[in-house]
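Everything below concerns the one structure shown next.
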Amino acid sequence: MKAAVLTAFNEPLEIKDVPEPELTDDGAIVEVKACGICRSDWHGWKGEWTGFLAPLPMIGGHEMSGIVKAVGKNVHKVKVGDRVVVPFTCGDGTCHHCLEGHSNVCDNQTMPGFTYNGGFAEYAHVPVADFNLIPLPEEVGFEQAAGMGCRFMTAYHGVLSVGQVKPGEWVAVYGAGGVGLSAIQIATAAGANVIAVDIAQDKLDFATRMGAVHAVNSKDTDPVEAIKEITHGGAHVSIDALGINATLQSSLKSVQRKGRAVQIGMTPMGKEGEIPITVNSIIADEVSFLGSFGMPRSEFPYLLSQVATKKLQPGDLVTATTNLSGIIDVYNDMSNFNVNGVTVITDFTS
Ligand SMILES: [Zn+2]
Ligand SMILES: [Zn+2]
């Protein structure tokens with residue numbers, strides 16, 4: 001099969017023929033029909049997440065949908081021919097977190113494209129398939145499903161489950177990339193008033209199309225002051241979708257007393273990811289600083305029902321489609337922060 005293989009960090013991926021993945025007893029082989037290209041893939045490609053990435057050579061891609069081509073002998077629910085989407089945080093289905101519905105924090109978590117070969121290939125193997133493969137409703141296309149993972153599903157969990165966003169609340173979203181734009185669409189659908197913050201005007205324009213009622217360009221405006229003014233004291237919920245020092249700090253300072261600051265954007269691994277925060281303000285203002293990671297499989301039925309009825313439209317975030325050779329162009333654009341929306345691979349032959 002054709003695959004985009006990561007053989008050396010920060011170098012072009014090799015597009016070449018590799019053996020098809022081997023089927024395990026509890027796993028399934030998925031013929032990949034669409035796979036999103038994400039900043040997390042870029043982090044892996046840059047060599048920033050080596051502690052966690054499978055040894056090279058490996059195949060990235062964690063936002064995939066496709067058709068089941070083969071199942072192992074212990075797989076009973078998933079059938080050959082099923083249309084499926086794969087959560088980027090896969091669980092073992094047996095630890096207490098999985099059993100309690102929180103597979104996104106599974107004790108034995110695996111991730112396609114990071115801990116094992118992912119969807120930048122014609123076929124991908126998914127372990128514990130009965131647990132990890134989610135059936136796709138008829139109404140949801142492969143491209144839209146790829147647009148859903150990981151950014152849209154991550155935002156869904158962050159906004160609704162962790163952030164507990166309610167109708168009429170003010171929600172600030174820092175970073176109008178894939179996660180941020182998703183969070184804006186989802187919080188808006190939940191009835192919140194969303195303020196988007198970014199340094200790029202074209203991203204802010206996109207954010208407005210996704211439903212943001214205010215757009216703050218933090219290149220020339222102090223976003224914390226702007227948000228306090230718009231909301232008369234601070235947002236109920238602030239989401240940092242980027243994960244750098246400046247956005248994390250500002251997001252935390254943007255919430256009102258008793259507010260919730262949801263951290264979705266991953267900071268760099270190691271020392272650079274250790275960000276100082278003013279703990280006394282968190283205590284005195286009773287602010288909740290909440291981590292949010294991926295989305296458990298237990299939330300998929302709710303997300304998919306809203307996508308099937310078009311109340312949520314992850315496909316709106318897909319701005320381009322490409323082939324395996326096109327991944328490197330997207331990585332280069334990401335290096336220059338020159339990406340607007342989501343690019344999805346739909347051609348796996350070249
Ligand atoms: Zn588990
Ligand atoms: Zn992703």
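Please read these numbers as outputs of a predicted model, since none were measured by experiment. Numbering of ligands and ligand atoms starts at 1, following listing order.
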Closer than 4.0 angstrom, basic N to acidic O: yes or no for Lys16 and Glu14? yes

For the pair Arg151 and Glu63, find out whether any cationic side-chain nitrogen is under 4.0 Å from an anionic carboxylate oxygen. yes

Less than 4.0 Å between a side-chain N and a carboxylate O, is that true for Lys271 and Glu274? yes

Evaluate the ring planes of His43 and Trp49, with Trp represented by its six-membered ring, and classify them as parallel (under 30°), tilted (30 to 60°) or perpendicular (over 60°). parallel

Find out if a path of hydrophobic residues (ILVMFWY) with successive side-chain heavy-atom gaps under 4.5 Å connects Leu56 to Val5. yes

What is the distance from atom CG of Asn104 to atom SG of Cys98, rounded to the nearest 0.5 Å? 9.0 Å

May I ask you to determine how many protein N/O/S atoms are under 2.8 Å from the Zn ion (ligand 1)? 4

Glu63: which N/O/S atom is nearest the Zn ion (ligand 2)? OE2

Test of geometry: compute the angle SG(Cys38)-the Zn ion (ligand 2)-NE2(His62) and round it to 10°. 110°

So does Asp17 pair up with Lys2, basic N to acidic O under 4.0 Å? yes

